[in-house]
Student: 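A single structure is presented below for examination.
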Amino acid sequence: MLDVKFIREHADIVRQRLATRNAGDELKIDQVLALDEQRRTALAEVEQLKASRNRISKEIGILMGQKKPAEAEAKKTETRQIGDRITALDKLVAEVEQQRDALLLQLPNLPCEKVKIGKTAEDNPEVRVWGQKPGFSFKPKTHVELCESLKLIDFARAAKISGSGFILYTHWGARLERALIQMLLNLHTLEHDYTEISPPFMVNRDCMVGVGQFPKFVDQYYGVQEGTDASTLGKLFLIPTAETPVANIHREEILKESQLPIRYCAYTPCFRGEAGAAGVGTRGMIRVHQFDKVELIKITKPEEGYAELEKLVANAERVLQLLGLHYRVVQLCTGDMGFSSAMTYDIEVWAPGQGTYLEVSSCSNCEDFQARRMNLRFKTETGENKFPHILNGSGTALARLFVALVETYQQADGSLVVPEVLKPYLKTDRITA
RNA sequence: GGAGAGGUGGCUGAGUGGUCGAAAGCGACGGUUUGCUAAACCGUUGUACGGGUUACACUGUACCGGGGGUUCGAAUCCCCCCCUCUCCGCCA
């Protein structure tokens with residue numbers, strides 16, 4: 001959430017920077033300002049009225065103590081009217097505030113000044129490239145062909161038991177998925193010093209609002225219902241990423257400055273409705289309703305946010321380096337960035353069978369945008385409460401990593417060579433049909 | 001699902017509808033004393049949003065799980081909701 005005070009004092013800057021997202025949000029600023037002004041005026045008046053009511057009530061208490069009921073009665077009559085006015089104004093303030101906040105919750109974060117202004121993914125600058133596209137002496141197969149021939153995934157039966165957009169890992173496929181989860185968690189906890197978290201896979205509405213998924217994108221997520229009790233619908237939601245529960249761990253808290261930076265990593269499945277996206281790149285496991293991901297979350301002091309973002313990206317890149325997968329890093333331009341983010345790096349891994357780069361990680365600094373929404377603060381040495389920066393990044397998404405891995409390590413005979421780092425987990429050199 | 005208990009400041013824990021933003025204790029911070037430490041003693045010690053000031057000072061409002069209600073006035077009375085704990089049932 002944007003800071004109302006900042007909007008009030010720097011309306012032009014806010015409008016300009018929102019405009020770079022090409023979503024038209026800058027047009028809502030005038031309305032926010034009008035509502036804010038209305039609220040402040042009413043609030044000033046009602047506070048004054050309350051001050052006088054409090055004073056008179058206190059006097060009544062004193063008169064009662066002095067056994068002067070007649071004088072007390074007189075004062076009661078005087079205050080009764082003030083009370084009505086207060087009730088009316090309180091109601092007005094609450095309504096206006098609610099309208100203002102509803103608008104504010106719909107506004108995306110301001111892009112960092114350093115981010116390139118652009119419209120679509122075409123405008124995203126490439127930051128760096130690691131490794132190179134592997135060469136093949138044969139025509140590389142797609143992961144769909146390989147997974148079927150090696151019986152790593154049973155697409156047909158996945159559809160039978162859950163529908164399209166779900167993955168049924170079998171035998172070596174299941175073991176490979178588990179090996180990857182293990183490897184990534186070990187890497188981030190043992191070598192990158194993140195604290196491992198295993199959070200709930202269902203969260204309440206506040207968490208969804210906290211990270212910026214609600215209220216604007218409600219339709220992209222799964223809500224759950226308990227049994228046939230429709231009244232339970234809308235209370236819990238399947239997490240679309242571990243960011244949702246983990247970033248909210250300290251919601252409503254005031255942390256000590258010495259606790260920062262906090263680094264968490266968590267493996268969770270991720271559930272996404274992807275409404276309307278069906279049909280676009282849906283073959284196989286590129287876009288699915290449930291996928292595994294190891295997520296990295298950081299809570300940092302504002303001045304350290306961007307340095308920590310660079311480290312976070314490096315931590316995610318390490319995954320691909322260890323697996324020997326060619327990738328590139330791009331920085332998202334203003335028009336391509338997510339709602340809550342001020343700066344985002346995407347890591348895209350090369351999938352030879354597809355002949356394309358796949359996004360396996362998105363690392364963002366949301367600055368204090370999410371911290372404000374969840375009212376998470378930290379107390380500085382001087383006793384001041386400040387909002388920390390909250391960062392998140394995939395480290396990494398597993399389904400697409402699986403695709404790149406299978407397509408990169410395929411052999412002419414249709415088997416897979418297991419990369420060195422995974423051998424201890426899989427206890428084999430090669431996966432064959 | 002059934003029965004019961006409870007939610008008050010950083011923590012523990014008082015609180016007859018009226019000088020209650022809230023006793024007391026602990027902790028923390030500052031000070032006095034002191035070879036050092038400890039102890040003792042004295043003092044300070046919540047958050048948010050406003051007004052005010054160069055900055056302080058000072059000052060207004062709200063906050064005792066959340067939301068409503070009664071009242072001139074609510075931590076206290078009434079209603080609804082949420083959460084936690086204990087026991088029982090069911091269950092991985």
Side-chain angles (χ1 to χ4, degrees), chain A residues 1-9 32-33 35-102 104 198 200-210 224-237 245 248-260 269 368 371-388:
Chain A
M1 186 155 70
L2 301 179
D3 181 6
V4 203
K5 201 188 281 180
F6 186 83
I7 297 178
R8 204 184 293 145
E9 289 162 7
V32 171
L33 288 172
L35 287 166
D36 185 53
E37 185 54 35
Q38 200 185 343
R39 189 191 83 101
R40 285 158 58 80
T41 310
L43 194 62
E45 190 188 342
V46 77
E47 285 192 351
Q48 227 166 22
L49 289 171
K50 281 179 181 173
S52 55
R53 183 181 67 181
N54 287 347
R55 185 172 39 75
I56 297 170
S57 288
K58 204 170 260 185
E59 287 166 10
I60 292 173
I62 292 167
L63 287 172
M64 300 290 274
Q66 295 170 341
K67 307 269 194 252
K68 294 179 181 164
E71 290 176 45
E73 258 336 293
K75 289 208 182 266
K76 281 189 194 180
T77 338
E78 182 188 342
T79 323
R80 223 162 263 150
Q81 290 145 16
I82 300 183
D84 293 344
R85 179 75 183 140
I86 288 174
T87 311
L89 278 174
D90 268 344
K91 196 170 160 232
L92 177 70
V93 170
E95 280 169 8
V96 172
E97 187 174 278
Q98 200 268 329
Q99 287 173 36
R100 183 198 67 178
D101 290 347
L104 281 174
S198 182
F201 299 161
M202 291 190 262
V203 294
N204 60 30
R205 188 172 283 273
D206 289 340
C207 290
M208 299 293 280
V209 172
V224 296
Q225 174 176 301
E226 200 176 326
T228 53
D229 182 358
S231 71
T232 61
L233 195 60
K235 296 203 167 156
L236 288 173
F237 302 85
N248 275 289
I249 288 176
H250 299 290
R251 173 153 55 93
E252 308 270 335
E253 291 182 22
I254 300 176
L255 302 168
K256 294 195 197 96
E257 185 166 11
S258 60
Q259 287 177 267
L260 305 179
D368 61 10
R372 276 180 202 285
R373 287 178 159 245
M374 58 180 81
N375 201 23
L376 164 61
R377 292 160 297 172
F378 72 97
K379 198 179 277 293
T380 63
E381 307 290 349
T382 55
E384 195 187 350
N385 288 331
K386 284 184 158 179
F387 291 104

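Just so it is clear, the model here is predicted, and its values are computed rather than measured. Chain identifiers are assigned alphabetically (A, B, ...) following the order of the sequence lines, protein sequences preceding nucleic acid strands; residue numbering begins at 1 within each chain.
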Student: Measure across A/Phe387 and A/Asp368 and return the closest heavy-atom pair with its distance rounded to 0.1 Å.
Tutor: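 Reported closest heavy-atom pair: CB-CB, 3.6 Å.
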Student: Walk me through it: do A/Val203 and A/Asn248 pass the test side chain to side chain contact (heavy atoms under 4.5 Å, CB included)?
Tutor: CA-CA 10 Å; A/Val203 294; A/Asn248 275 289; over 6 Å; no
Student: Taking atom P in both B/G25 and B/U86, compute the distance separating them and give it to the nearest angstrom.
Tutor: 32 Å
Student: Strictly below 4.0 Å: does A/Lys379 bring a side-chain N or O up to OP1 or OP2 of B/U47?
Tutor: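 For A/Lys379, the contact criterion (side-chain N or O under 4.0 Å from OP1 or OP2 of B/U47) is met.
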Student: Listed by chain and number, what are the side chain to side chain contact (heavy atoms under 4.5 Å, CB included) partners of A/Lys235, not counting sequence neighbours?
Tutor: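 Listed in chain order: nothing, the list is empty.
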Student: Which residues pass the salt bridge (Lys or Arg N to Asp or Glu O under 4.0 Å) test with A/Arg100, not counting sequence neighbours?
Tutor: A/Asp36
Student: Taking B/A23 as the reference, what is the distance to B/G10 when you measure between their P atoms (whole Å, please)?
Tutor: 14 Å
Student: Looking at RNA chain B, which of residues 80-91 of chain A put a heavy atom within less than 4.0 Å of it?
Tutor: A/Arg80
Student: List for me each residue that meets side-chain hydrogen bond (donor to acceptor under 3.5 Å, both in side chains) alongside A/Asn204, sequence neighbours excluded, and say none if there are none.
Tutor: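 Expected list: none.
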Student: What donor-acceptor contacts under 3.5 angstrom involve side-chain atoms of residues 90-98 of chain A, with partners at least two apart or in another chain?
Tutor:
{"unit_1": "A/Asp90", "atom_1": "OD1", "unit_2": "A/Lys50", "atom_2": "NZ", "d": "3.1"}
{"unit_1": "A/Asp90", "atom_1": "OD2", "unit_2": "A/Lys50", "atom_2": "NZ", "d": "3.4"}
{"unit_1": "A/Glu97", "atom_1": "OE1", "unit_2": "A/Arg39", "atom_2": "NH1", "d": "2.6"}

Student: Using the salt bridge (Lys or Arg N to Asp or Glu O under 4.0 Å) criterion, which residues pair with A/Arg40? Sequence neighbours excluded.
Tutor: none
Student: Give the dot-bracket line for RNA chain B from 5' end to 3' end: parentheses for intra-strand Watson-Crick or G-U pairs under 3.5 Å, square brackets for crossings, | for inter-strand pairing, dots for unpaired.
Tutor: ((((((((.[[[..)..(.....]]]((((((.......))))))((((((......)))))).[[[[[..)....]]]]])))))))....
Student: What does A/Lys256 touch in the nucleic acid at a heavy-atom separation under 4.0 angstrom: a base, only the sugar-phosphate, or nothing?
Tutor: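 No contact.
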Student: Taking N or O atoms only and anything under 3.5 Å, show me the protein contacts with nucleotides 16-21 of chain B, one pair per line.
Tutor:
{"unit_1": "B/G18", "atom_1": "N2", "unit_2": "A/Ser57", "atom_2": "O", "d": "2.9"}

Student: Give, for atom CG of A/Leu63 and atom CD of A/Glu73, the distance between the pair rounded to the nearest 0.5 Å.
Tutor: 11.0 Å
Student: Would you please name every residue forming a salt bridge (Lys or Arg N to Asp or Glu O under 4.0 Å) with A/Glu45, sequence neighbours left out?
Tutor: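 Per chain and number, A/Glu45 pairs via salt bridge (Lys or Arg N to Asp or Glu O under 4.0 Å) with A/Arg85.
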Student: In Å and rounded to the nearest 0.5 Å, what is the CD to CD1 distance from A/Gln48 to A/Ile82?
Tutor: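 Taking CD in A/Gln48 and CD1 in A/Ile82, the distance rounds to 11.0 Å.
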Student: Between the protein and nucleotides 56-63 of chain B, list the N/O to N/O atom pairs that are separated by less than 3.5 angstrom.
Tutor:
{"unit_1": "B/G60", "atom_1": "N2", "unit_2": "A/Glu47", "atom_2": "OE1", "d": "3.2"}
{"unit_1": "B/U61", "atom_1": "OP1", "unit_2": "A/Asn54", "atom_2": "ND2", "d": "3.2"}
{"unit_1": "B/A62", "atom_1": "OP2", "unit_2": "A/Asn54", "atom_2": "ND2", "d": "3.2"}

Student: Within the structure shown, what part of the strands sits under 4.0 Å from A/Lys235 by heavy-atom distance: base, sugar-phosphate, or nothing?
Tutor: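 Nothing: the residue A/Lys235, judged by heavy atoms under 4.0 Å, touches no strand.
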Student: Name the residue from A/Arg372, A/Arg373, A/Arg377 that meets the side-chain contact (heavy atoms from CB on, under 4.5 Å) definition with A/Asn375.
Tutor: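 Option passing the side-chain contact (heavy atoms from CB on, under 4.5 Å) with A/Asn375: A/Arg377.
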Student: What's the gap between B/G9 and B/G21 when it is taken at their C1' atoms, as a whole Å value?
Tutor: 9 Å
Student: Roughly how far apart, to the nearest Å, are B/G17 and B/G73 at atom C1'?
Tutor: 8 Å
Student: May I have the distance from A/Asp206 (atom CG) to B/G66 (atom C1'), rounded to whole angstrom?
Tutor: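 Going from CG in A/Asp206 over to C1' in B/G66 covers 11 Å.
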Student: B/G50, B/U47, B/C49: which one has an atom nearest the side-chain heavy atoms of A/Arg377?
Tutor: B/U47
Student: P atom, B/A57 versus B/G67: distance in rounded Å?
Tutor: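 Going atom to atom, P in each nucleotide, I get 30 Å.
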Student: With rounding to whole Å, what would you report as the distance between B/C72 and B/G4 at their C1' atoms?
Tutor: 39 Å
Student: Examine distances only and state if a side-chain atom of A/Thr77 and a backbone atom of A/Ala74 form a donor-acceptor pair shorter than 3.5 Å.
Tutor: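 Flag set: sc A/Thr77 to bb A/Ala74 pair under 3.5 Å.
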Student: Return the set of residues passing side-chain hydrogen bond (donor to acceptor under 3.5 Å, both in side chains) with A/Glu253 (not counting sequence neighbours), or none when no residue passes.
Tutor: A/His250
Student: Return the set of residues passing salt bridge (Lys or Arg N to Asp or Glu O under 4.0 Å) with A/Glu257 (not counting sequence neighbours), or none when no residue passes.
Tutor: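 For A/Glu257 the salt bridge (Lys or Arg N to Asp or Glu O under 4.0 Å) partners, ignoring immediate neighbours, are A/Lys301.
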Student: Pick the P atom in B/C79 and in B/A5, then give their distance to the nearest Å.
Tutor: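 Roughly 15 Å separates the two P atoms.
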Student: In whole Å, measure the gap between the C1' atoms of B/A22 and B/G46 for me.
Tutor: 12 Å
